[in-house]
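Here's the structure, in structure tokens; my notes come after.
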Amino acid sequence: MEAALVCWKCGASLKEVPQPLSRQSVCLKCGAELYVCRLCEFHDPKLRQGCREDRAEHVQEKEHANFCEWFRPRPGAHVPRDEAPTQAAKAKLDALFGAVAGGPAAPDQGKEELEKIFGGKPKH
């Protein structure tokens, strides 16, 4: 059984998008262009040109529609973002400025923390 084709950007199914994909094809959920390097089976970000097809012309914008004649859509092109670094950074900010479990900080608590860091109230 062949894997279903999904949007490279949001992971939505592309079964309702007319096939074969044209340069004007877009994801019905997020509106991302689909005839792009990021959805192609030859796309390889580890390579200098980003493409395993030697005969393909270089495409600078890998997330925008292009005219590559070697384009072949690849199932599994969507790679979900790792949210762990973002969540860890938010937790550190919450700890620094006094927010509890993602909730808002007390109105003056952040100000008090900044005064501790920068040495008190400014003189006028």
Side-chain angles (χ1 to χ4, degrees):
M1 184 172 143
E2 189 175 312
L5 194 59
V6 296
C7 175
W8 64 271
K9 190 170 186 178
C10 72
S13 172
L14 298 179
K15 69 180 178 181
E16 299 298 322
V17 177
Q19 301 292 324
L21 295 176
S22 73
R23 188 179 186 289
Q24 290 83 25
S25 296
V26 294
C27 174
L28 300 176
K29 181 177 179 188
C30 72
E33 296 172 328
L34 297 174
Y35 199 96
V36 300
C37 295
R38 293 279 307 267
L39 187 61
C40 182
E41 73 176 45
F42 295 115
H43 177 65
D44 188 347
K46 295 178 215 135
L47 298 176
R48 186 173 65 85
Q49 296 291 336
C51 185
R52 289 190 315 269
E53 176 52 62
D54 294 336
R55 297 169 288 181
E57 291 184 31
H58 176 65
V59 175
Q60 185 69 33
E61 299 293 328
K62 307 293 187 205
E63 297 179 359
H64 293 288
N66 58 62
F67 294 99
C68 182
E69 296 175 21
W70 302 100
F71 175 77
R72 284 194 202 141
R74 119 182 110 92
H78 175 68
V79 178
R81 255 189 179 167
D82 181 8
E83 294 293 330
T86 302
Q87 296 302 324
K90 285 181 181 179
K92 287 180 182 178
L93 285 172
D94 288 345
L96 178 64
F97 292 105
V100 178
D108 293 325
Q109 190 172 5
K111 184 176 178 183
E112 290 172 12
E113 292 296 321
L114 287 172
E115 288 174 356
K116 284 182 195 175
I117 293 170
F118 294 107
K121 297 179 181 178
K123 298 178 183 176
H124 293 283

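Along the sequence shown, the residues carry numbers beginning at 1.
- Dense packing is recorded around NZ of Lys62, with more than 12 heavy atoms of other residues, nucleotides or ligands lying under 6.0 Å away.
- One distance of note links CZ of Phe71 with CG of Leu39; it measures 4.5 Å at 0.5 Å rounding.
- Note that CZ of Arg52 and NE2 of His43 are 9.5 Å apart. Values are rounded to the nearest 0.5 Å.
- Expressed to the nearest 0.5 Å, how far CZ of Phe42 lies from CZ of Arg55 amounts to 8.0 Å.
- Heavy atoms only, all atoms of each residue included: Ala77 and Arg38 are closest at CB-O, 3.5 Å.
- Within a 6.0 Å sphere centred on CD of Gln19, other residues, nucleotides and ligands contribute more than 12 heavy atoms.
- Annotation: side chain of Cys7 is in contact with side chain of Leu14 (closest heavy-atom distance under 4.5 Å).
- To the nearest 0.5 angstrom, Arg74 atom CZ is 8.0 Å from Cys40 atom SG.
- Considering only heavy atoms from C-beta on, Glu53 comes within 4.5 Å of Trp70 through its side chain.
- With values rounded to the nearest 0.5 angstrom, Asn66 atom CG is found 9.0 Å from Glu33 atom CD.
- The number of heavy-atom neighbours closer than 6.0 Å to CD of Gln87, taken from other residues, nucleotides and ligands shown, is above 12.
- Taken from OH in Tyr35 to OG in Ser25, the straight-line distance is 9.5 Å, to the nearest 0.5 Å.
- By the 4.5 Å heavy-atom criterion applied to side chains, Leu34 and Cys27 are counted as neighbours.
- Connection of Leu96 to Phe118 is established within a shared hydrophobic cluster, with ILVMFWY side chains joined at heavy-atom distances below 4.5 Å, either directly or through further cluster members.
- In terms of hydrophobic clustering, with Ile, Leu, Val, Met, Phe, Trp and Tyr side chains grouped at heavy-atom distances under 4.5 Å, Leu21 and Phe67 are assigned to different clusters.
- Both Val36 and Leu5 are assigned to one and the same hydrophobic cluster, defined by single-linkage of ILVMFWY side chains at heavy-atom distances under 4.5 Å.
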